[in-house]
Every structure is written in C-alpha cells, then in structure tokens.
Amino acid sequence: MLYIKCPYCGLRSQNEFAYGGDATIKRPNLNQEVSNTEWDNFVYLRKSPRGRHLEFWHHISGCRQWIKVDRDTATHEIFNTYKANEEV
Ligand SMILES: [Zn+2]
C-alpha cells in the first residue's frame, strides 16, 4: 500500500486519495482561438509514462484538497508532494 504525504494533513494511506491524472497538462489560454485538434488533445490525449511522473491526486477522504505527487509509476516511489497551485 502507498502512503502519500498530503501537504495539508501529513502522511496518509492511499485509500484516502483518488487519482486525478497528469499534472503536467496545461489548459489552453482563455480568450484564445483553439483548433478542435488542440482542444481534443488537451481533453483526451495522455501519455502513460513508465518512470518518474507528476500526477494530480485528490485527498477525497481527508481535507478534500487537490495535490501534486511526484511519483515513479514503475516502483511507486514517491519523491515529493506539493499543493496543487505550486509550480514544480
Ligand atoms: Zn489532505
């Protein structure tokens, strides 16, 4: 079982969290023309990397905050966690 250090609550069991997807995807700027292909890529296109990856997790059974987790998808080692609005 994984233990994730929530920046707000401290170390908690993975059971309290829900995976939220890739934290490296940038939303297109507001008030800017975006092609259908660019929008489709933003909404649907995701990589499935093996190795170190930055992910969103939701502390759904705790403080209900979104956080970023720097995790290795192959070994499940967690290197660091951040608040969702922190630049990494
Ligand atoms: Zn929390």
Side-chain angles (χ1 to χ4, degrees):
M1 176 180 299
L2 284 178
Y3 286 93
I4 299 172
K5 183 182 170 198
C6 174
Y8 303 96
C9 307
L11 199 60
R12 296 286 197 258
S13 165
Q14 176 197 351
N15 295 339
E16 295 185 9
F17 294 84
Y19 176 73
D22 188 344
T24 62
I25 302 295
K26 299 292 182 201
R27 185 183 179 92
N29 292 330
L30 291 174
N31 301 322
Q32 183 178 354
E33 193 66 31
V34 178
S35 72
N36 287 340
T37 302
E38 289 173 313
W39 186 253
D40 284 349
N41 289 345
F42 163 70
V43 173
Y44 298 111
L45 193 62
R46 297 293 183 268
K47 295 176 182 169
S48 185
R50 177 181 172 84
R52 201 165 174 170
H53 191 236
L54 191 64
E55 305 168 328
F56 278 120
W57 286 77
H58 188 199
H59 196 181
I60 197 156
S61 295
C63 63
R64 303 189 61 82
Q65 295 290 316
W66 284 90
I67 65 172
K68 291 178 185 174
V69 177
D70 182 7
R71 184 176 73 92
D72 191 309
T73 59
T75 65
H76 301 295
E77 180 181 358
I78 294 175
F79 301 100
N80 210 342
T81 58
Y82 309 90
K83 295 177 180 177
N85 60 358
E86 282 185 75
E87 288 293 326
V88 179

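Residues take their numbers from the sequence shown, with the count starting at 1.
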Could you report the tightest heavy-atom contact between Thr73 and Arg50, atom names first, then the distance?
OG1-CA, 3.3 Å
Spatial distance of atom CD1 (Ile78) from atom CZ (Arg52) [nearest 0.5 Å]
11.5 Å
Spacing of Cys6 atom SG and Arg64 atom CZ [to the nearest 0.5 Å]:
12.5 Å
What pairs with Gln32 under side-chain hydrogen bond (donor to acceptor under 3.5 Å, both in side chains), at least two apart in sequence or on another chain?
Asn29
Side-chain touch Tyr82/Glu87, heavy atoms, less than 4.5 angstrom
no
So which atom in Glu55 and which in Ala23 form the shortest heavy-atom distance, rounded to 0.1 Å?
C-CB, 3.7 Å
Please determine whether the number of non-hydrogen atoms from other residues, nucleotides or ligands lying under 6.0 Å from atom CG of Asn36 exceeds 12.
no
Mark yes when over 12 heavy atoms from residues, nucleotides or ligands other than Tyr44 sit less than 6.0 Å from its OH; otherwise mark no.
no
Could you pull out the closest heavy-atom pair between Val43 and Arg46, with the gap in Å?
O-NH2, 3.8 Å
Atom CG in Asn15, atom CD1 in Ile60: separation rounded to 0.5 Å?
13.0 Å
Do Val69 and Tyr19 land in one hydrophobic cluster if side-chain heavy atoms of ILVMFWY residues count as linked below 4.5 Å?
yes
Working to the nearest 0.5 Å, report the span between NZ of Lys5 and CZ of Arg12.
12.0 Å
Does atom CD (Glu33) have a neighbourhood of more than 12 heavy atoms from anything else shown, all under 6.0 Å?
no
Any side-chain heavy atom of Glu38 within less than 4.5 Å of one from Pro28?
no
Phe17 side, atom CZ; Thr81 side, atom OG1 - distance, nearest 0.5 Å:
8.0 Å
Heavy-atom nearest pair, Leu2 first then Arg71, reads CD1-CD, 4.3 Å
Student check: side-chain heavy atoms of Phe56 and Lys68 closer than 4.5 Å:
yes
Closest contact, heavy atoms only, Pro7 versus Ile67:
CD-CG2, 3.4 Å
Distance check, rounded to the nearest 0.5 Å: Gln14 atom CD versus Met1 atom CE?
7.0 Å
Correct closest heavy-atom pair for Trp66 and Gly20 would be CZ3-CA, 3.6 Å
Heavy-atom side-chain contact between Asp70 and Val88 under 4.5 Å:
no
